[in-house]
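What follows is a short report on a single structure.
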Amino acid sequence: MLEMLPYPSGDLHVGHAKNYTLGDAVARMMRMLGYNVLHPMGWDAFGLPAENAAIQRGIDPAQWTRSNIVNMQRQIRLMGTGYDWSREIATCDPEYYRWNQWLFLRLYEQGLAYKREAPVNWCPNDRTVLANEQVVDGRCWRCHSPVERRNLSQWFLKITAYGDRLLAGLDGLEGWPERTKTMQRNWIGRSAGVQFSFAVENSAARIGVFTTRIDTVYGVTYLAIAPEHPVVAQIVTEERRAEVERFAASLASKSELERTSLMAKQGVFTGAHAIHPLSHERVPIWVTNYVLAEYGTGAVMGVPAHDERDFEFARDFGLPIAQVVVPPGSAAEDPLEAAYVDDGRLVVSGDFTGMPSARARDAIALRLAEMHAGETAVNFRLRDWLVSRQRYWGTPIPIVYCERCGEVPVPDEHLPVLLPADVPITGEGSPLARDPAFVNTACPRCGAPATRESDTMDTFFESSWYYLRYLDPHGDAAPWGKAAADRWMNVDQYIGGSEHAVLHLLYSRFFYKFFHDRGWVHGPEEPFARLFHQGMVLYNGEKMSKSRGNVVGIDETVERQGVDAMRLFLLYVTPPEDTSEWTDEGISGRVRFVNRVWRACEPFFDRAGRTSLAELPPAPSAAERELVRAVHVAVKSATDETISRRFHFNATIAKLDEYVNALTALGRTAPGSPAVHYAVHALPTIIAPFAPHVAEELWERLGHAESVHLQAYLQPDERALALEEITLVVQVNGKIRARIQTSPGIGEDAAYELALEQSGVRAQLEGKQVRKRIFVADKLLNIVAG
RNA sequence: GGGGAAGUGGCGGAACGGUAGACGCAGCCGCCUCAAAAGCGGCCGGGCACACCCCAUGUGGGUUCGAUUCCCACCUUCCCUACCA
């Protein structure tokens with residue numbers, strides 16, 4: 001049982017409480033249902049806010065983080081959560097990040113961590129790189145300067161090597177929301193097609209392109225390449241060179257967002273021509289802003305007739321549009337009003353003319369392969385994961401640069417590479433790079449003077465494997481023990497926000513597959529068997545935020561309404577996956593409920609009577625039987641919602657309302673009834689997962705020695721759930737014409753006889769012939785007549 | 001542009017093909033009280049010739065004996081994603 005580990009940002013509000021309350025209620029339910037539950041908690045403690053506090057207010061990030069952890073742990077305990085704090089971890093502890101570095105080195109050994117130059121988001125004002133999520137509308141989220149593109153040498157993790165497995169693994173994740181799996185599928189973006197190349201006229205260069213629509217290859221009227229493509233310098237003609245370079249320079253610092261979404265399509269002719277490998281026609285080669293250097297080969301074949309983007313570009317720049325696929329059963333249009341992007345039948349396509357698109361794709365791919373000019377290929381939208389950060393408050397990357405040996409990994413026995421304290425943090429550049437005591441070191445291989453890598457790791461690195469560290473939080477021989485992993489993994493139920501649908505949840509899956517390949521974990525290749533996304537909590541119709549001043553704090557709420565009422569309200573307002581609205585009126589309803597529960601039990605404190613829950617009590621009257629039934633309806637709801645992983649405890653709590661109302665009424669009129677005593681003593685055990693404090697207090701006052709949280713949950717009893725009298729609905733042609741009170745188990749014929757006695761039914765059947773009867777036992781009789 | 005989720009009383013929601021609106025909030029009436037709060041009891045989708053009956057789960061179709069529920073289209077709202085060749 002696991003909730004996503006929080007960033008220790010400071011104060012918690014009731015929006016956070018929803019997540020912890022749900023996880024805690026489920027963990028407590030599972031325990032009372034007899035499962036052995038591991039329910040740990042920790043801190044995603046590295047990250048920007050701590051460093052920003054240092055920049056803005058001169059506070060030490062470590063101290064800032066520590067004091068936030070102290071406060072947040074207090075608040076999380078205040079919520080009545082039952083975490084195993086002996087397994088608590090904080091990712092900023094050297095004890096933890098030591099293993100971060102160890103894992104980085106293992107990835108490095110396998111060639112899955114590598115350094116290369118790549119275009120990244122750069123904030124010129126803060127002089128540091130920014131993660132994609134820190135760029136809002138093309139601007140830095142802190143200083144709002146427009147973000148630039150820079151080529152920098154960065155560390156990447158080769159997540160793309162796992163693209164196919166990350167995609168395939170999703171199919172087996174039946175306990176994951178379909179929506180989240182879809183988002184991951186889209187993010188991974190696997191496309192199968194053909195990669196082939198064009199020769200360049202008067203040049204030795206070849207230009208490779210990737211396409212999923214090789215059936216449209218005869219419609220190529222130009223090639224479009226990214227300005228960064230290395231072939232550009234080689235092929236551009238002298239008279240065009242200046243213009244091409246000017247164009248490339250104008251785009252160099254533009255972010256991907258600016259180039260693609262905000263700008264119209266632009267391009268410059270290189271002066272060079274490529275030779276079509278099949279038709280041998282000459283096609284012009286253009287440099288454009290809409291081709292991404294980082295995807296596929298960085299060049300595309302331009303087929304204006306059958307691609308919307310190419311159509312737009314060709315129209316704006318006066319390039320020819322050649323239709324080579326026509327819709328089934330119609331002829332080529334002249335001129336095309338818009339790109340025809342669907343499959344069809346090929347025309348003007350050499351040997352392939354007349355073929356349907358699907359067959360042509362296979363045939364053309366085969367021909368190109370025979371010519372040794374191309375092959376089928378798969379491309380992913382997913383890019384390798386950039387994990388370098390020019391930041392202080394993170395895990396140092398354990399690499400040393402030696403003039404003689406080059407890039408040298410820090411040996412395991414030298415770990416951890418400690419993050420130095422007392423480094424001036426100004427917000428300009430990387431603090432570690434300016435700390436000679438940190439940077440200057442000896443080469444671990446040859447002993448010569450060397451320099452350390454000054455980048456730290458993206459904090460998503462830590463959170464991609466933290467769940468395993470809980471299994472052996474103090475182990476110093478390995479990040480986790482294999483035996484513990486075999487015993488506990490994978491995570492049975494994971495709870496967290498959907499904002500991590502592709503980030504944390506994708507990275508973790510990647511890591512876990514890597515661990516599996518190394519033999520460090522066995523069993524399922526997926527770390528999280530089931531996943532649940534809780535919804536947000538709004539206040540005054542808005543997301544809670546300190547800056548807007550609409551935050552409902554934990555401390556005030558606990559002070560005013562109490563923890564149990566808060567927990568009950570959060571579970572009761574909406575199903576947990578939905579967005580809910582915090583209202584003072586709403587929580588006061590749960591305060592009343594807690595009070596009603598107390599008053600219902602209070603007369604029975606220190607009172608002798610039936611206290612065993614092992615057997616159903618005798619219940620001579622209908623009211624008593626209804627009360628016992630209400631107990632078991634609530635038990636059944638709580639159990640079903642847990643086992644099914646639907647977690648709709650809002651429905652369970654509604655049943656508890658009915659239970660307590662029935663108990664209150666009967667407790668007054670028949671305080672000596674064994675059924676009442678049964679209902680009183682059962683109540684604390686049934687509400688224990690949701691309202692742990694009042695449950696424990698009542699349980700003790702009712703004279704029980706052992707904690708209520710160690711009791712087994714009642715099992716729904718079919719005899720108690722059985723109804724004595726049922727309402728049989730009688731329909732004629734699907735419309736309700738009568739309701740008959742009768743005993744359960746009544747047969748179809750007997751029910752029919754009774755139905756015919758009803759005037760409403762008789763009136764509807766007048767002059768009609770009964771054709772069919774539909775009978776649902778104890779529920780309904782539908783008479784079809786006409 | 002692409003993908004996804006959701007539309008039920010004044011409000012949050014219940015009903016996983018079989019009595020639509022459980023339960024709660026708000027509101028109204030009553031009891032208790034000198035009074036108020038709290039508590040307790042009752043009413044609470046619309047219409048009507050008011051114990052009957054009719055209409056009603058965004059709109060329009062379909063499947064079914066029967067649809068809030070399943071399928072299709074449309075409308076609205078929200079979320080994600082965005083030139084990925």
Side-chain angles (χ1 to χ4, degrees), chain A residues 177-183 185-187 189-191 193 195 209-213 216 224 256-257 259-261 263-265 288-292 294-303 306-310 312-313 379-383 498-499 501-502 535-536 568-569 572-575 577-590 592-593 595-596 599 633 640 644 646 648 650-661 664-665 668 726-739 759-760 771-786:
Chain A
E178 211 48 55
R179 171 189 161 73
T180 305
K181 288 190 279 185
T182 303
M183 281 170 72
R185 284 191 189 103
N186 292 341
W187 187 263
R190 182 185 197 272
S191 28
Q195 190 163 317
V209 299
F210 171 75
T211 180
T212 56
R213 291 298 306 274
T216 66
E256 211 168 83
L257 177 93
R259 286 196 196 195
T260 58
S261 306
M263 293 168 75
K265 287 185 177 49
T288 71
N289 65 338
Y290 78 95
V291 175
L292 305 171
E294 294 285 301
Y295 181 78
T297 61
V300 297
M301 60 181 206
V303 186
H306 305 294
D307 183 282
E308 283 165 10
R309 298 152 299 182
D310 297 346
E312 197 186 318
F313 185 76
N379 261 292
F380 292 95
R381 211 188 82 108
L382 180 71
R383 315 266 174 91
S498 59
E499 66 274 16
V502 289
M536 310 187 286
L568 287 164
F569 177 66
Y572 182 70
V573 238
T574 55
E577 66 272 27
D578 290 358
T579 299
S580 34
E581 173 82 27
W582 182 271
T583 62
D584 294 335
E585 294 82 9
I587 188 171
S588 68
R590 292 302 98 193
R592 276 176 222 151
F593 171 77
N595 291 338
R596 269 202 302 277
R599 280 196 305 272
V633 166
D640 288 353
S644 69
R646 208 172 73 129
H648 285 198
N650 54 322
T652 302
I653 294 169
K655 310 281 191 241
L656 285 169
D657 275 327
E658 295 184 75
Y659 169 5
V660 174
N661 290 341
T664 302
R668 266 201 301 264
I726 55 134
T727 304
L728 188 78
V729 171
V730 182
Q731 297 181 334
V732 177
N733 292 331
K735 290 215 162 208
I736 295 162
R737 297 300 172 189
R739 295 180 172 87
S759 60
R771 300 189 190 281
K772 199 171 167 185
R773 298 191 318 215
I774 312 284
F775 183 69
V776 182
D778 294 346
K779 289 248 161 112
L780 160 138
L781 174 68
N782 186 9
I783 301 165
V784 185

Checklist entry - Taking protein heavy atoms under 4.0 Å as touching, what does nucleotides 65-70 of chain B look like 5' to 3' if B marks base contact, S marks sugar-phosphate-only contact and - marks none? => result B-----

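- To the nearest whole angstrom, the two C1' atoms, one in U81(B) and one in A15(B), are 35 Å apart.
- One finds a side-chain N or O of Y295(A) lying less than 4.0 angstrom from the OP1 or OP2 phosphate oxygen of A85(B).
- Residue T583(A) has no polar side-chain atom (N or O) positioned under 4.0 Å from OP1 or OP2 of G12(B).
- With a cut-off of 3.5 Å on both pairing distances, the Watson-Crick or G-U wobble partner of G41(B) is C29(B).
- The base of C23(B) is not paired with the side chain of K655(A) by any donor and acceptor separated by under 3.5 Å.
- Proximity of R599(A) to the phosphate of C40(B): a side-chain N or O atom is located under 4.0 Å from OP1 or OP2.
- The nearest heavy atom of RNA chain B to D310(A) and to T579(A) marks one nucleotide each, and the one closer to the 5' end goes with T579(A).
- Glycosidic conformation at C50(B) (O4'-C1'-N9-C4 for purines, O4'-C1'-N1-C2 for pyrimidines): syn, within 90° of 0.
- At a threshold of 4.0 angstrom between heavy atoms, the contacts of G189(A) with the nucleic acid are absent.
- Across all strands shown, Y572(A) has heavy atoms under 4.0 Å from base atoms, whether or not it also approaches the sugar-phosphate.
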For nucleotides 45-55 of chain B, list the nitrogen or oxygen atoms of the protein found under 3.5 Å from its nitrogen or oxygen atoms, one pair per line.
{"residue": "C54(B)", "atom": "OP1", "partner": "R737(A)", "partner atom": "NH1", "Å": "3.0"}

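- Comparing the same atom, C1', in C44(B) and in C50(B) gives a spacing of 16 Å after rounding to whole Å.
- Using a 4.0 Å cut-off, no side-chain N or O of N186(A) falls inside it from OP1 or OP2 of G2(B).
- G9(B) takes the syn form, because its glycosidic angle lies no more than 90° either side of 0.
- Counting any heavy atom pair closer than 4.0 Å across all strands shown, S498(A) reaches no nucleic acid atom.
- The same atom, P, is picked in U63(B) and in A14(B); the two are 30 Å apart, to the nearest Å.
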